[in-house]
2 protein chains.
Amino acid sequence: MAQSVSAGNQTYHHGDLRTALVDAASQRIEREGIAALSLRKLADDIGVSRSALYHHFRDKNALLNAVAARGFDQWLSMTQDRDQAQNIKAHERLKQFVHGYIRWAIAHPQLYDIMFGRPIWKHKLADEELKEIAFPAFQYMLNLISDWQQQGLLLQNEPALRQTQVIWATLHGLAKLIIDGVYDDSAHIDDMCNCAVAMLLSQHRET
Amino acid sequence: MAQSVSAGNQTYHHGDLRTALVDAASQRIEREGIAALSLRKLADDIGVSRSALYHHFRDKNALLNAVAARGFDQWLSMTQDRDQAQNIKAHERLKQFVHGYIRWAIAHPQLYDIMFGRPIWKHKLADEELKEIAFPAFQYMLNLISDWQQQGLLLQNEPALRQTQVIWATLHGLAKLIIDGVYDDSAHIDDMCNCAVAMLLSQHRET
DNA sequence: GCATTTAATTTGACACTGTCAAGATTAACA
DNA sequence: TGTTAATCTTGACAGTGTCAAATTAAATGC
């Protein structure tokens with residue numbers, strides 16, 4: 001009820017249950033976190049029986065994969081949107097990238113958790129689909145970082161791939177430590193981001 | 001049975017059940033991962049009833065806290081042991097630190113997950129004890145990094161605290177991405193560590 | 001040495017969970 | 001219209017964490 005199920009043409013038998021499930025799951029997760037996600041409550045939300053789900057997803061995990069995939073999509077388009085802006089110095093772009101990454105993660109903590117959670121990535125068996133969706137996100141980062149490297153912002157003597165992996169790790173680590181409550185002083189988040197930017201720059205110019 | 005319960009003086013009523021629980025939990029977690037940890041199986045392992053646990057821990061979460069606390073202890077002493085070695089250049093020490101951190105995390109992936117898992121840190125209510133144990137680990141890192149900064153290895157114009165936070169984030173991010181299977185090419189782990197070291201150094205000398 | 005208090009442990013029960021097999025219902029297609 | 005295939009439901013199973021009340025053993029006071 002009041003679910004975003006392309007209201008109206010409810011064919012009664014199945015009104016695109018698959019995306020309805022992903023919708024409902026995403027909402028509930030953003031609100032109450034992943035730990036509180038019960039398939040049965042989900043089914044209740046949509047008004048369908050508890051095991052209808054299994055005709056669209058092999059697993060609870062498969063459903064979470066779909067949620068995560070949507071997360072990567074969302075992240076990528078917000079990043080690309082931001083980078084549309086023109087007349088911005090490379091140095092400023094890098095700064096925006098770092099701050100933007102952390103800000104997005106903090107704004108969607110539960111989703112972020114699922115996107116990188118162990119159960120999803122650990123079993124290679126699971127979902128080539130997710131890899132195909134997450135890969136462009138990584139690729140986009142790699143391109144950005146290659147550019148910055150060529151412009152002399154970053155180190156020259158390390159491969160762009162490795163630097164991308166390390167920079168992503170830095171962002172991911174910051175995001176996780178903040179989200180998980182290890183770094184619990186939210187007043188200094190911007191400071192940490194700025195420090196990260198300063199440490200990345202090969203020239204170490206002043207901000 | 002065959003549990004490491006200071007065998008012998010089993011007072012039958014209670015033979016230090018608390019540490020026996022933490023022992024058994026640690027073992028089972030290292031072997032089968034946290035997802036497969038059931039309190040009831042745990043109780044069976046020790047030969048005690050399923051709810052005996054609740055007289056020593058408020059929660060399943062409280063038990064995990066104890067496991068995590070032990071992890072921080074373990075990490076700190078392995079780090080300190082390594083740093084006992086003398087006649088090592090600061091630059092080499094930094095390199096060892098990075099590689100050592102990642103190696104330890106990979107060697108104890110499940111334990112590492114618990115040490116930083118959300119449920120443990122999120123609710124401040126839970127366990128000041130854990131904070132008191134995790135803090136020295138952070139403090140130790142902070143000292144190391146302050147030294148390296150004073151020796152000119154790291155940036156001068158950023159506070160040591162911030163740099164520690166960022167460096168820890170880098171290590172944590174790397175560890176998590178590897179453990180969780182996002183970076184699944186284990187052949188390049190050392191390369192990533194070396195790249196991280198190179199990026200940290202303010203002088204960007206060649207390795 | 002016995003009685004009483006206190007701590008440790010167990011039993012029974014509750015409300016959940018994810019998942020599956022078998023049956024019912026509806027859409028799609030020939 | 002009749003048949004096939006997809007979709008959804010019901011009933012059930014084996015788990016889970018947690019709690020209240022009852023049981024047992026240790027510790028303490030006299």
Side-chain angles (χ1 to χ4, degrees), chain A residues 1 3 5-6 8-25 28-29 32-67 114 117-120 122-123 125-127, chain B residues 1 3 5-6 8-25 28-29 32-67 114 117-120 122-123 125-127:
Chain A
M1 3 201 116
Q3 219 64 27
V5 205
S6 67
N9 55 352
Q10 187 102 338
T11 32
Y12 250 85
H13 198 196
H14 53 290
D16 198 358
L17 181 57
R18 194 194 146 95
T19 65
L21 279 167
V22 181
D23 282 351
R28 241 180 201 280
I29 285 172
E32 312 170 24
I34 179 157
L37 181 72
S38 140
L39 295 189
R40 304 167 98 109
K41 285 179 191 165
L42 245 193
D44 278 359
D45 279 359
I46 312 187
V48 84
S49 120
R50 55 196 182 267
S51 68
L53 173 149
Y54 288 90
H55 294 260
H56 301 270
F57 300 97
R58 182 162 32 86
D59 241 354
K60 182 179 192 179
N61 201 53
L63 171 60
L64 294 185
N65 269 19
V67 174
I114 294 180
R118 157 119 64 152
I120 287 189
K122 202 52 187 184
H123 328 287
L125 49 124
D127 279 40
Chain B
M1 9 191 111
Q3 220 62 26
V5 205
S6 67
N9 55 353
Q10 188 100 342
T11 32
Y12 248 85
H13 198 198
H14 52 290
D16 198 357
L17 182 55
R18 194 193 148 96
T19 66
L21 279 167
V22 180
D23 282 352
R28 243 182 198 277
I29 286 173
E32 311 169 25
I34 179 159
L37 181 72
S38 141
L39 296 189
R40 303 167 99 108
K41 285 178 190 165
L42 245 194
D44 278 358
D45 280 0
I46 311 186
V48 84
S49 122
R50 55 196 183 269
S51 69
L53 174 149
Y54 288 89
H55 294 261
H56 300 270
F57 299 97
R58 180 161 33 85
D59 239 357
K60 182 179 192 179
N61 201 53
L63 172 60
L64 294 185
N65 269 19
V67 175
I114 294 181
R118 158 121 62 153
I120 286 189
K122 202 54 187 184
H123 326 288
L125 50 124
D127 280 42

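Please read these numbers as outputs of a predicted model, since none were measured by experiment. In what follows, every chain begins at residue 1, and chains take the letters A, B, ... in the order their sequences are listed. In what follows, every heavy atom counts, from backbone to side chain, and hydrogens, waters and symmetry copies are set aside.
Residues passing the side chain to side chain contact (heavy atoms under 4.5 Å, CB included) test with A:R28, sequence neighbours excluded: A:E32, A:L37, A:K41, A:D45. Checked against side-chain hydrogen bond (donor to acceptor under 3.5 Å, both in side chains), B:R118 has the following partners two or more places apart in sequence or in another chain: A:Q110, A:D113. Qualifying side chain to side chain contact (heavy atoms under 4.5 Å, CB included) partners for B:D44, counting only residues two or more places apart in sequence or in other chains: none. Under the rule for a side chain to side chain contact (heavy atoms under 4.5 Å, CB included), the partners of A:A43 that lie at least two apart in sequence or sit in another chain are A:V48. Residues that satisfy the side chain to side chain contact (heavy atoms under 4.5 Å, CB included) test with A:S51, not counting sequence neighbours, are A:S49, A:Y54.
The phosphate of D:dC8 has OP1 or OP2 within less than 4.0 Å of a side-chain N or O from A:H56.
Atom P of nucleotide C:dT10 and atom CG of B:D44 are separated by 11 Å, given to the nearest angstrom. Remark: P of C:dA8 and CG of B:D16 are 11 Å apart, rounded to the nearest angstrom. Note: CG (B:L42) to C1' (D:dT16) measures 13 Å, nearest angstrom.
Taking every heavy atom of both residues into account, A:V67 and A:A25 meet most closely at CG2-CB, 4.0 Å.
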So which protein nitrogen or oxygen atoms get under 3.5 Å of nucleotides 18-22 of chain C's nitrogens or oxygens?
{"from": "C:dG18", "atom 1": "OP1", "to": "A:L39", "atom 2": "N", "distance (Å)": "3.1"}
{"from": "C:dG18", "atom 1": "OP1", "to": "A:K60", "atom 2": "NZ", "distance (Å)": "3.0"}
{"from": "C:dG18", "atom 1": "OP2", "to": "A:L39", "atom 2": "N", "distance (Å)": "3.0"}
{"from": "C:dG18", "atom 1": "N7", "to": "A:R40", "atom 2": "NH1", "distance (Å)": "2.4"}
{"from": "C:dG18", "atom 1": "O6", "to": "A:R40", "atom 2": "NH1", "distance (Å)": "2.8"}
{"from": "C:dT19", "atom 1": "OP1", "to": "A:D59", "atom 2": "OD1", "distance (Å)": "2.9"}
{"from": "C:dT19", "atom 1": "OP2", "to": "A:Y54", "atom 2": "OH", "distance (Å)": "2.8"}
{"from": "C:dT19", "atom 1": "OP2", "to": "A:K60", "atom 2": "N", "distance (Å)": "3.1"}
{"from": "C:dT19", "atom 1": "O5'", "to": "A:Y54", "atom 2": "OH", "distance (Å)": "3.1"}

